Number of protein chains: 2
Amino acid sequence: MSTKSSPRTPARPRSSTPNRRERVPDHRAAGAPAAPAFRPIHTRRAFEEICERIREQLALGVLKPGDKLPPERDLAQQLGVSRNVLREALRSLEMAGVLRLQKGVKGGAFIQEGDTSRMNGVMRDMLSLGTISVRELSEARVHVLDLVVRLACANARKADLDALEANIRRTEDATREGRLLDRVECSREFYKLLAASTGNKVIAMIMDSVTEIHMRFVYAKVSSSGVAMARLAEKRRQFLAALGERNVASATRLMRTHLESVQRMLEQDPGAMSLHVALAEVQPGMRR
Amino acid sequence: MSTKSSPRTPARPRSSTPNRRERVPDHRAAGAPAAPAFRPIHTRRAFEEICERIREQLALGVLKPGDKLPPERDLAQQLGVSRNVLREALRSLEMAGVLRLQKGVKGGAFIQEGDTSRMNGVMRDMLSLGTISVRELSEARVHVLDLVVRLACANARKADLDALEANIRRTEDATREGRLLDRVECSREFYKLLAASTGNKVIAMIMDSVTEIHMRFVYAKVSSSGVAMARLAEKRRQFLAALGERNVASATRLMRTHLESVQRMLEQDPGAMSLHVALAEVQPGMRR
DNA sequence: ATTATTAAATGGCTCACCCATTCAATGGAA
DNA sequence: TTCCATTGAATGGGTGAGCCATTTAATAAT
């Protein structure tokens with residue numbers, strides 16, 4: 001770590017030093033003692049820099065959803081990096097939901113509308129990595145749901161209530177026809193609609209993120225054991241009535257007791273419930 | 001889209017067809033009519049597949065924090081992809097906080113402990129992309145903070161209270177010496193400690209994610225206008241006292257009134273507050 | 001025993017390709 | 001004219017070979 005530029009390359013086998021970014025083309029043999037402009041521009045990794053710059057353009061409003069980035073070949077040249085490295089950055093941004101990459105003529109990298117389900121993946125990773133526990137997640141869900149119910153009571157519009165009503169009807173159909181897993185799908189949608197009816201997308205996002213994993217467990221439980229909540233649609237109707245009347249006390253009480261019964265259902269025969277299976281399993285209608 | 005394998009390549013200039021994954025090495029010239037095993041394995045993009053498989057191993061518990069993946073060259077070969085594509089996947093996972101890539105002998109791709117601050121980036125992206133609004137975020141923060149205060153009253157331990165106490169002392173020092181921006185840092189830390197004192201990492205994560213952006217605004221405001229909350233440390237002490245007494249009503253009331261006064265401060269001279277500047281600005285102590 | 005040197009492993013990055021998909025332009029048939 | 005098939009260029013998807021920079025362990029020199 002003395003001179004920061006002391007290469008002890010044995011013999012420099014290939015004589016051709018390709019244009020290695022802004023590095024001077026190796027004049028050391030001429031006796032020049034460590035050229036002043038020798039320090040490379042970047043100390044961090046190139047792809048981090050690129051991600052950051054694109055996010056900066058986004059934050060500054062220079063880039064907006066729908067905008068298209070230059071073609072990979074052009075952009076790579078503009079940034080002075082290889083196409084491969086640029087692609088690493090674009091891929092990361094795509095996984096983060098910021099970009100969409102599209103092939104073909106008129107294709108390119110397009111800035112996306114924000115995907116509110118992105119938080120779900122974070123929650124799932126935290127769970128997979130053991131940073132958070134199922135217990136913490138369940139507990140958080142109870143509290144968030146309590147908040148959501150209160151906000152929904154305050155803010156739900158007729159369209160929201162209608163959507164919930166329609167959802168309950170689908171739940172009734174599924175129940176009548178014994179389609180248990182479809183009913184789980186209905187539940188997933190019910191909570192999503194409820195979250196949306198708060199009128200606050202941040203709250204809704206948070207709610208969805210704590211609900212998604214929970215529904216995986218319910219799905220796994222129902223799928224493996226065949227058990228199912230009794231009188232689900234009926235309870236939903238009671239809840240919806242309370243919501244329509246803006247009766248916070250009643251709505252929160254109904255939801256809380258329902259959650260408790262679901263929790264009891266999940267906890268019976270606990271050995272069958274594997275975090276790993278629930279997390280790894282790919283389910284219909286689930287953003288993988 | 002007829003045969004799915006009808007290349008109309010003019011003349012196939014290079015004769016060397018390198019081992020293109022599990023594709024048969026081009027026997028068409030011999031007259032073989034579209035070899036049966038011609039369909040490539042993957043229909044989705046390779047890097048998505050790779051990310052998914054690694055996450056699956058994680059979910060199944062085969063991979064755990066601290067584990068090391070095989071060297072890029074080996075893993076690429078195992079997966080039957082080029083090293084470049086594998087790197088795209090690894091980079092994505094690194095940006096997602098799942099991996100850490102480390103150079104040198106004994107380096108490699110190591111599974112990380114989950115980084116609870118990952119949600120902040122999602123929130124920031126959503127704001128940058130205009131999917132959520134500052135108003136929604138502020139509103140959500142009020143509600144989440146209310147919940148956090150209630151949980152902290154219920155669950156805070158002595159160590160949590162001591163940490164808050166120490167934080168308040170630093171706030172007092174900063175106030176006395178006129179270090180306004182340091183005091184903002186103290187505030188950021190205060191809310192982080194408060195969130196942690198709920199004893200629930202999911203709640204804490206949520207709280208942090210709605211607080212991080214807010215503190216950027218406060219920072220930008222204080223930084224540009226020089227104004228600052230009056231009697232901040234004093235109010236913090238009152239709040240901490242209520243927390244120590246497990247007095248939920250008092251604690252929530254104190255926090256609520258404080259939030260309102262902060263909101264008033266932020267909203268005076270609103271023209272100076274730019275979402276873009278606040279988001280793009282890099283601040284000390286801020287995970288970039 | 002300590003310190004400097006060497007060598008190997010590994011990620012970081014580049015270059016120069018080829019492949020597959022998409023879509024606008026073109027041109028011929030109805 | 002109208003409609004459909006063909007063509008060709010743009011663009012992302014992917015490959016492989018190879019060099020560079022950093023890190024660490026082994027080895028040699030002092």
Side-chain angles (χ1 to χ4, degrees), chain A residues 1-2 4-23 26 40 42-50 68-77 79-91 94 99-110, chain B residues 1-23 26 40-50 68-77 79-91 94 99-110:
Chain A
M1 206 175 291
S2 49
K4 181 75 178 175
S5 65
S6 64
R8 22 141 201 59
T9 57
R12 212 69 187 291
R14 300 295 190 283
S15 60
S16 70
T17 299
N19 55 338
R20 180 155 185 71
R21 217 102 57 95
E22 29 273 34
R23 201 172 130 190
D26 200 80
H42 67 96
T43 173
R44 304 208 326 273
R45 283 119 97 225
F47 93 104
E48 287 180 309
E49 192 92 28
I50 297 169
K68 187 179 119 173
L69 266 45
E72 291 181 354
R73 292 160 174 87
D74 295 1
L75 189 51
Q77 193 170 25
L79 293 168
V81 298
S82 76
R83 200 180 146 213
N84 280 328
V85 164
L86 172 64
R87 284 167 61 80
E88 288 174 9
L90 294 182
R91 286 290 163 73
E94 190 184 20
L99 294 179
R100 192 189 75 233
L101 292 159
Q102 200 171 301
K103 277 174 87 168
V105 179
K106 298 292 168 189
F110 296 87
Chain B
M1 207 175 291
S2 48
T3 70
K4 183 73 179 175
S5 64
S6 65
R8 28 146 196 56
T9 56
R12 211 70 188 286
R14 299 294 190 284
S15 60
S16 71
T17 299
N19 54 339
R20 180 160 185 68
R21 216 98 60 94
E22 30 273 42
R23 207 175 125 185
D26 200 76
I41 296 291
H42 65 96
T43 173
R44 299 195 344 259
R45 282 120 98 227
F47 92 103
E48 286 179 309
E49 192 90 28
I50 297 170
K68 188 178 119 172
L69 297 181
E72 291 183 353
R73 291 162 175 85
D74 295 1
L75 188 51
Q77 195 171 25
L79 293 168
V81 298
S82 75
R83 200 180 148 213
N84 280 323
V85 164
L86 172 65
R87 284 170 61 77
E88 289 173 8
L90 294 182
R91 286 293 163 72
E94 190 184 21
L99 295 179
R100 191 188 77 233
L101 294 165
Q102 199 172 301
K103 277 175 87 170
V105 118
K106 296 294 167 191
F110 296 87

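This is a predicted model, so every value here is computed, not measured. Naming: A, B, ... by sequence-line order, numbering from 1 per chain.
- In this structure, the separation between CZ on B:R73 and OG on B:S82 is 12.5 Å, given to the nearest 0.5 Å.
- In this structure, the CD atom of B:Q102 is 11 Å from the C1' atom of D:dT24, given to the nearest Å.
- Taking 4.0 angstrom as the limit, B:R73 places none of its side-chain polar atoms (N or O) nearer than this to OP1 or OP2 of C:dT10.
- Counting to the nearest Å, the C1' atom of D:dG12 and the NZ atom of A:K68 are 11 Å from each other.
- Of the candidates C:dC13, D:dT24, C:dT22, the closest approach to any side-chain atom of B:V105 belongs to D:dT24.
- The interatomic distance linking A:E49 (CD) with C:dC13 (C1') rounds to 15 Å, in whole Å.
- Rounded to whole angstrom, the span from the CD atom of A:E72 across to the C1' atom of C:dA16 amounts to 15 Å.
- Nearest to the side chain of A:K103, among D:dT15, C:dC23, D:dG12, sits D:dG12.
- Comparing atom distances between the A:V81 side chain and each of C:dT14, D:dG12, C:dG12 picks out C:dT14 as nearest.
- Distance CD (B:E48) to P (D:dG14): 9 Å, rounded to an integer number of Å.
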Apply salt bridge (charged side-chain N to carboxylate O under 4.0 Å, His left out) to the pair A:R87 and A:E94, showing each step before the final yes or no.
CA-CA 10 Å; A:R87 284 167 61 80; A:E94 190 184 20; over 6 Å; no

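- The side chain of A:N84 lies closest to C:dC15 when the candidates are D:dG14, C:dG12, C:dC15.
- When the side-chain nitrogen and oxygen atoms of A:R87 are compared with OP1 and OP2 of D:dG12, none of them lie within a distance under 4.0 Å.
- For the pair B:R44 CZ and C:dT21 P, the interatomic distance rounds to 16 Å; values are reported in whole Å.
- Scanning for side chain to side chain contact (heavy atoms under 4.5 Å, CB included) contacts around B:P70 gives B:D74, B:L75, B:Q78, with sequence neighbours left out.
- One interatomic measurement links the two molecules: CG of B:L90 to C1' of C:dT10, which rounds to 12 Å at whole-angstrom precision.
- The residue among A:R83 and A:G104 whose nearest nucleotide of DNA chain C lies closer to the 5′ end is A:R83.
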Give the table of side-chain donor-acceptor pairs shorter than 3.5 Å for residues 102-110 of chain B, with sequence neighbours excluded, one pair per line with atom names and distance.
| unit_1 | atom_1 | unit_2 | atom_2 | d |
| --- | --- | --- | --- | --- |
| B:Q102 | OE1 | B:R100 | NE | 3.2 |
| B:Q102 | OE1 | B:R100 | NH2 | 2.5 |

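- Comparing C:dA24, C:dC15, D:dA25 by their nearest atom to the side chain of B:K106 picks out D:dA25.
- What separates CZ of B:F47 from P of D:dG14 is a distance of 8 Å, to the nearest Å.
- Atoms CZ and CG, from A:R83 and B:N84 in turn, are 10.5 Å apart once rounded to the nearest 0.5 Å.
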